[in-house]
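Okay, so here's the structure we're looking at.
Along the sequence shown, residues are numbered consecutively beginning with 1.
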Amino acid sequence: MTTLRIGNASGFYGDRFDAMREMLTGGELDVLTGDYLAELTMLILGRDRLKDPAAGYARTFLRQVEDCLGLAHERGVRIVTNAGGLNPAGLADAVRRLADRLGIPVRVAHVTGDDLTAAHPGSLAAHAYLGGFGIAECLRAGADVVVTGRVTDAALVTGPAAAHFGWSGTDYDRLAGAVVAGHVLECGAQATGGNYAFFRDGDVRRPGFPLAELHEDGGCVITKHPGTGGFVDTGTVTAQLLYETAGARYAGPDVTARLDTVRLSQDGPDRVRIEGVRGEAPPPALKVGLNRLGGFRNEVVFVLTGLDIEAKAALVRDQMEPALGKVADVRWELARTDRADAPSEETASALLRLVVRDPDQEAVGRALSGAAVELALASYPGFHMPAPPGKGSPYGVFEEAYVSHGGVDHVAVLHDGRRVPVPPAHDTAVLDEVPQPPLPEPLPPGPVTRAPLGLVAGARSGDKGGNANVGVWARTDDAWRWLAHELTVARFRELIPESGELTVVRHVLPNLRALNFVVEGILGAGVAAQHRFDPQAKALGEWLRSRHLDLPEVLL
């Protein structure tokens with residue numbers, strides 16, 4: 001069958017509003033996807049639903065469709081999105097009303113069954129990650145727009161691919177190829193030079209959004225519309241493949257994709273071919289994301305300038321101690337951003353950050369902020385804060401649970417109202433670790449220079465619940481020979497001291513010349529809990545690249 005061209009117009013709730021129009025007008029497409037959901041987004045939508053039971057979906061999508069639905073209809077482009085969030089039926093109804101008002105004859109379907117909140121008392125939102133076969137049912141029945149709730153990000157691609165090519169639930173290699181394509185597309189411009197370690201390789205001031213040319217065998221080419229910004233090369237695709245992953249087995253509800261089988265090659269300017277992906281039966285259980293309110297949080301930042309930084313920090317801590325005695329969780333962090341003999345006041349200053357959490361809002365609210373403000377004329381010399389403390393705000397906690405494939409009521413609600421049950425996975429397989437592959441031959445000894453790791457390696461990092469991953473890849477075979485032996489778990493702990501007391505697991509992916517490190521627990525209870533300075537670990541990889549090692553001069 002013909003190539004299926006699937007584009008992406010959103011990587012998160014809040015992404016570039018004009019991307020949908022840009023993708024529809026920039027070149028040929030068969031399907032346009034939009035990924036709006038993340039762990040934090042589900043919490044935000046859950047709080048929206050507390051205020052209004054009819055809410056719970058990404059309203060941005062509805063505004064984008066108002067602008068672009070006629071264009072998609074004229075061009076025969078189907079739209080598939082998880083913007084339904086906690087209320088896919090509500091968003092589907094809203095799109096139908098919009099289409100009727102605009103006089104555009106489109107068929108709108110939706111997928112349901114992911115909402116397990118009632119089975120998890122105390123949770124604000126509890127949703128299973130569904131696969132792509134509900135989407136496929138809707139498309140096979142003729143839907144022009146398919147709205148889902150919490151499906152996996154890659155399901156937005158596996159569903160259209162399965163519908164177009166007629167794949168069954170046991171076409172594991174083909175499905176795995178679509179999962180890999182979907183994983184590359186899901187974060188939008190991150191595949192076209194956005195957030196890329198070597199961003200100076202191209203013009204990334206306004207990167208275009210990616211698309212995949214999918215083939216019947218599951219292979220694909222990742223590219224972008226002609227004339228759009230950014231660039232696509234094996235590096236940008238490698239970076240996105242490593243993003244928010246762990247080991248060689250990348251599990252999902254439809255299939256487990258083997259990332260260690262992925263082969264990349266440059267197929268021309270802004271074209272990267274992905275082939276060779278192998279797939280296995282999915283694991284026996286579906287992941288369920290649980291979001292709940294964890295209590296209340298407040299933050300105060302004190303600016304410490306000039307001399308005696310440590311002594312000034314100690315003074316503030318002593319002065320604040322009486323107000324913190326009954327607070328459940330108190331964290332102090334001193335960021336030594338100051339320099340000696342600094343040419344500006346800002347570069348002469350350090351930041352002392354106080355973060356408090358407690359089930360009682362009052363404990364972290366006025367009692368705390370009042371104590372901080374009262375020090376304004378009675379503390380260290382040069383006392384000031386970049387902003388006054390607030391009254392304390394609620395924070396969220398993300399947890400994982402699991403349910404059997406048969407434990408969800410996965411249903412495709414077709415455009416004509418018919419409800420088609422989606423059967424669970426035909427076969428499953430326990431998710432065992434893949435044996436570590438052999439390492440390449442090390443580089444021969446030679447002269448070295450103390451320099452940043454980032455001169456020879458790229459990195460991308462991200463969050464999964466309370467864990468973070470840091471994918472590190474080499475750009476040449478020789479750099480890989482060095483990296484595979486040098487960047488051990490022990491060396492990683494040395495370079496990232498925060499990981500010293502945590503479990504760190506290293507995964508080796510030779511085909512990608514990459515190492516993937518999973519740091520367990522570094523993000524506490526997840527992004528909504530704001531456990532650390534960089535709560536989603538987005539810059540953890542760049543910190544690693546900035547650390548100095550003895551680099552072989554032959555690589556420089």
Side-chain angles (χ1 to χ4, degrees), residues 4-10 13 20 23-24 29-37 56-58 60-62 64-66 68-69 71-73 75-99 104-115 127-167 175 178-179 181-182 185-186 211-212 214 252-254 408-422:
L4 179 67
R5 292 173 63 87
I6 301 181
N8 173 281
S10 177
Y13 190 12
M20 184 177 289
M23 290 301 290
L24 289 170
L29 283 180
D30 300 303
V31 177
L32 183 60
T33 66
D35 180 9
Y36 292 78
L37 300 185
Y57 56 77
T60 304
F61 172 77
L62 199 58
Q64 289 173 303
V65 167
E66 184 171 12
C68 296
L69 189 59
L71 187 60
H73 178 65
R75 299 191 170 217
V77 178
R78 292 166 140 182
I79 296 175
V80 179
T81 180
N82 61 14
L86 279 57
N87 188 7
L91 179 56
D93 285 341
V95 174
R96 291 187 190 100
R97 291 193 298 271
L98 174 65
I104 303 171
V106 297
R107 294 162 293 194
V108 183
H110 70 276
V111 177
T112 187
D114 59 301
D115 192 346
H127 291 257
Y129 288 71
L130 302 180
F133 279 93
I135 296 170
E137 286 287 350
C138 294
L139 293 172
R140 286 174 182 143
D144 302 300
V145 178
V146 181
V147 174
T148 78
R150 179 73 278 190
V151 297
T152 63
D153 301 335
L156 301 178
V157 171
T158 61
H164 181 79
F165 294 116
W167 296 341
L175 289 168
V179 163
L185 295 188
E186 70 185 50
L211 64 92
L214 256 72
D254 295 323
V408 297
D409 188 19
H410 191 180
V411 174
V413 184
L414 307 184
H415 64 276
D416 57 8
R418 286 181 294 148
R419 299 175 64 87
V420 179
V422 179

- Contact list for residues 79-91, test side-chain hydrogen bond (donor to acceptor under 3.5 Å, both in side chains), sequence neighbours left out: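 Pairs touching residues 79-91 that pass the test: Asp35-Asn82.
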- Task: Determine which pairs satisfy side-chain hydrogen bond (donor to acceptor under 3.5 Å, both in side chains) with at least one residue from residues 410-422, sequence neighbours left out, and list them in order.
- Result: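 Applying side-chain hydrogen bond (donor to acceptor under 3.5 Å, both in side chains) to every pair that reaches into residues 410-422, excluding sequence neighbours, yields Asp416-Arg418.
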Test item: [X] and [Y] side chains (from C-beta on) under 4.5 Å apart, heavy atoms:
X      : Y      : answer
Phe165 : Leu214 : yes
Trp167 : Asp254 : no
Asp115 : Leu86  : no
Ile135 : Pro160 : yes
Leu130 : Pro253 : no
Val151 : Asp114 : no
Val145 : Leu69  : yes

Which heavy atom in [X] sits nearest to a heavy atom in [Y], and how many Å separate them?
X      : Y      : value
Gly134 : Val422 : CA-CG2, 3.6 Å
Ala94  : Tyr57  : CB-OH, 4.0 Å
Met20  : Cys68  : SD-CB, 3.7 Å
Ala162 : Ala136 : CB-CB, 4.3 Å
Ala155 : Gly131 : CB-C, 3.6 Å
Val111 : Pro88  : O-CG, 3.6 Å

To the nearest 0.5 Å, tell me how far [X] [atom1] sits from [Y] [atom2].
X     : Y     : atom1 : atom2 : value
Leu32 : Ile6  : CG    : CD1   : 10.0 Å
Tyr36 : Gln64 : OH    : CD    : 3.5 Å
Leu71 : Leu24 : CG    : CG    : 5.0 Å
Met23 : Ile79 : CE    : CD1   : 12.0 Å

- Task: Going by the side-chain contact (heavy atoms from CB on, under 4.5 Å) test, name the single residue among Val157, Thr158, Thr152 that passes it with Val179.
- Result: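 Per the side-chain contact (heavy atoms from CB on, under 4.5 Å) rule, the option paired with Val179 is Thr158, out of Val157, Thr158, Thr152.
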- Sidechain-backbone polar pair: Thr33 side chain, Gly7 backbone, donor-acceptor under 3.5 Å: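 Answer holds: yes.
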- Message: Keeping Asp30 on the side-chain end and Leu4 on the backbone end, is there a donor-acceptor pair under 3.5 Å?
- Response: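 Not confirmed, Asp30 side chain does not pair with Leu4 backbone.
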- Partners of Arg75 by salt bridge (charged side-chain N to carboxylate O under 4.0 Å, His left out), sequence neighbours excluded?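 Checked Arg75 against salt bridge (charged side-chain N to carboxylate O under 4.0 Å, His left out); zero matches.
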- Contacts of type salt bridge (charged side-chain N to carboxylate O under 4.0 Å, His left out), residue Asp93, not counting sequence neighbours: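 Per chain and number, Asp93 pairs via salt bridge (charged side-chain N to carboxylate O under 4.0 Å, His left out) with Arg96.
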- Task: Name all pairs fulfilling the salt bridge (charged side-chain N to carboxylate O under 4.0 Å, His left out) condition that reach into residues 131-143, sequence neighbours left out, sorted by first residue then second.
- Result: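 Qualifying pairs, neighbours excluded: none.
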- Task: Please collect all salt bridge (charged side-chain N to carboxylate O under 4.0 Å, His left out) contacts where either partner lies in residues 142-152, sequence neighbours excluded, each pair once.
- Result: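 Those involving residues 142-152 are Arg107-Asp144, Arg150-Asp153.
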- Message: Does Phe133 form a side-chain contact (heavy atoms from CB on, under 4.5 Å) with Leu175? I'd like the steps, not just the answer.
- Response: CA-CA 11 Å; Phe133 279 93; Leu175 289 168; 4.1 Å; yes
